[in-house]
Protein chains: 2
Amino acid sequence: MDTHEPRWLNAEEKQTWLSLTAMVINLSNALDTQLQRDAGISHFEYQVLATLSEAAERTMRMSDLAILTNGSLSRLSHVVKRLEKQGWVRRAPDPDNGRYTLAILIEAGWEKVVATAPGHVEEVRRLVLDPLTQTQQRALRAIGHRVNQAVDPTDTRRLD
Amino acid sequence: MDTHEPRWLNAEEKQTWLSLTAMVINLSNALDTQLQRDAGISHFEYQVLATLSEAAERTMRMSDLAILTNGSLSRLSHVVKRLEKQGWVRRAPDPDNGRYTLAILIEAGWEKVVATAPGHVEEVRRLVLDPLTQTQQRALRAIGHRVNQAVDPTDTRRLD
DNA sequence: CCGACGAACTTGAAGCGTCAAGTGAGGTGG
DNA sequence: CCACCTCACTTGACGCTTCAAGTTCGTCGG
């Protein structure tokens, strides 16, 4: 086999890594499943709706929304088009600067969030918050911060 | 329109949650990007090849492989078909029981893993292991274990 | 034995994300 | 004041995952 032998993973590091990848995939699946079952939307669609629902005027520029939802602009564009077709969101050019597009959560979309959020929050509690102690939650915030910094050092969101 | 008002997330819980979802997405993207760039394969394809490379005889039943890679059997079936087309894997019915299919890593696939693993491990170190202290790594293993148990209580893999 | 049932896949179609190539509005330099 | 450039998207095609239906192989009851 190889003879470069890079800094290989020892048993504990491997365990850390397996544990993390399993968690990543299991969580994604579980949340998508719950939202699909109870609300017929994907986790990303929910994130878009929920993020808009908390924004001033329930309105946000597409590019800002893309950053907050951790998605590409292209992905967001496709998703917002679908949400628009559902009658939950509308788009309008930013009057301050025609290059920007504003995504605006309209009434039916607000109602969708209100109807969906409680069940989703319950699931988040059940899968993540409830099984963890306060100390573990604090540790998880710090871990997330470190990893997110490593992935994208220019990310300056208030996620500490 | 609800007045149930479930146990809502407080500021810290919300921070924990945002931090975790951001990490989940950032990590998935970063790992897929690195593997795609350096080896032309997806993270899931790598997981399949790497898992097979560590199995006895470099052989595993499809259903066991699906569990270890956290994927559905259908997804695995499609992926293994592609890997087979690449000449990295072959399939054969289990001689002990014709209902099972064995996935077998052949020489070219082993070489692919050997060529790809060092760069991937480096990236895992850079993004996850290096930024975290020993204490945080221990905490992350425990957190992963708790969350994975919550998602699937029947999961009995040795992921402690 | 044989017929029904279930487990372990496999397949095809449909939907979502990505990537690359457009479009159109706002600067900016000459 | 107009050519050019860049930014903020938008679009279309392609690839991958999912979901629902098969198919095949054992097994178990009669």
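- Put simply, the side chain of B:K81 reaches to within 4.5 Å of the side chain of B:R91, judged on heavy atoms.
- B:T16 and A:R141 form a side-chain donor-acceptor contact under 3.5 Å, judged by distance and modelled atom types alone.
- What separates NZ of A:K85 from P of C:dC16 is a distance of 10 Å, to the nearest Å.
- Atoms CE (B:M62) and P (C:dT11) sit 10 Å apart, rounded to a whole Å.
- Of the candidates D:dC16, C:dG6, D:dA8, D:dC16 carries the atom nearest the B:R82 side chain, counting heavy atoms from C-beta on.
- Each of A:E45 and B:L76 was assigned the nucleotide of DNA chain C with the nearest heavy atom; the assignment lying further toward the 5' end belongs to B:L76.
- Within the structure, a side-chain polar atom (N or O) of A:T101 is placed less than 4.0 Å from OP1 or OP2 of D:dC9.
- If you take CG of A:D32 and P of D:dC16, they are 20 Å apart, rounded to a whole angstrom.
- Side-chain atoms of B:E45 and B:R82, non-hydrogen and from C-beta on, do get closer than 4.5 Å to each other.
- For the pair B:L102 CG and D:dC25 P, the interatomic distance rounds to 15 Å; values are reported in whole Å.
- A donor and an acceptor atom never sit less than 3.5 Å apart when one is taken from the side chain of A:H78 and the other from the base of C:dG15.
- Of the N and O atoms on the side chains of B:Q36 and B:D32, not one donor lies less than 3.5 Å from an acceptor on the other residue.
- Between B:R75 and D:dT17 there is a side-chain N or O to OP1 or OP2 distance below 4.0 Å.
- Rounded to a whole Å, the OH atom of A:Y100 is 10 Å from the P atom of C:dG27.
- For B:V79, counting side-chain heavy atoms from C-beta on, the closest listed nucleotide (C:dG17, C:dA25, D:dT17) is D:dT17.
- A heavy-atom distance below 4.5 Å is found between the side chains of B:L140 and B:L132.
- At C:dA7, none of the side-chain N or O atoms of B:R61 fall inside 4.0 Å of OP1 or OP2 (strictly under the cut-off).
- Toward the 5′ end of DNA chain D lies the nearest nucleotide of A:L73, the other residue of the pair A:L73 and A:N29 mapping further downstream.
- When the P atom of D:dT17 is taken as reference, atom CZ of A:F44 falls 18 Å away, rounded to whole Å.
- The phosphate of C:dC9 has neither OP1 nor OP2 within less than 4.0 Å of any side-chain N or O from B:K81.
- The separation between A:R37 atom CZ and D:dT18 atom P is 17 Å, rounded to whole Å.
- Contact between the side-chain N/O atoms of B:R91 and the OP1/OP2 oxygens of C:dC9 is not found at any separation under 4.0 Å.
- At a cut-off of 3.5 angstrom, counting only N and O atoms as typed in the model, there is a donor on one side and an acceptor on the other between the side-chain of A:S74 and the base of D:dT11.
- Using a 4.5 Å heavy-atom cutoff, the side chains of B:E123 and B:V128 are not in contact.
- Of the side-chain N and O atoms in B:S72, one or more sit less than 4.0 angstrom from OP1 or OP2 of D:dT18.
- Between A:D94 and B:S77, the residue anchored closer to the 5' end of DNA chain C is B:S77, taking for each the nucleotide with the nearest heavy atom.
- Distance CG (B:L35) to C1' (D:dG15): 17 Å, rounded to an integer number of Å.
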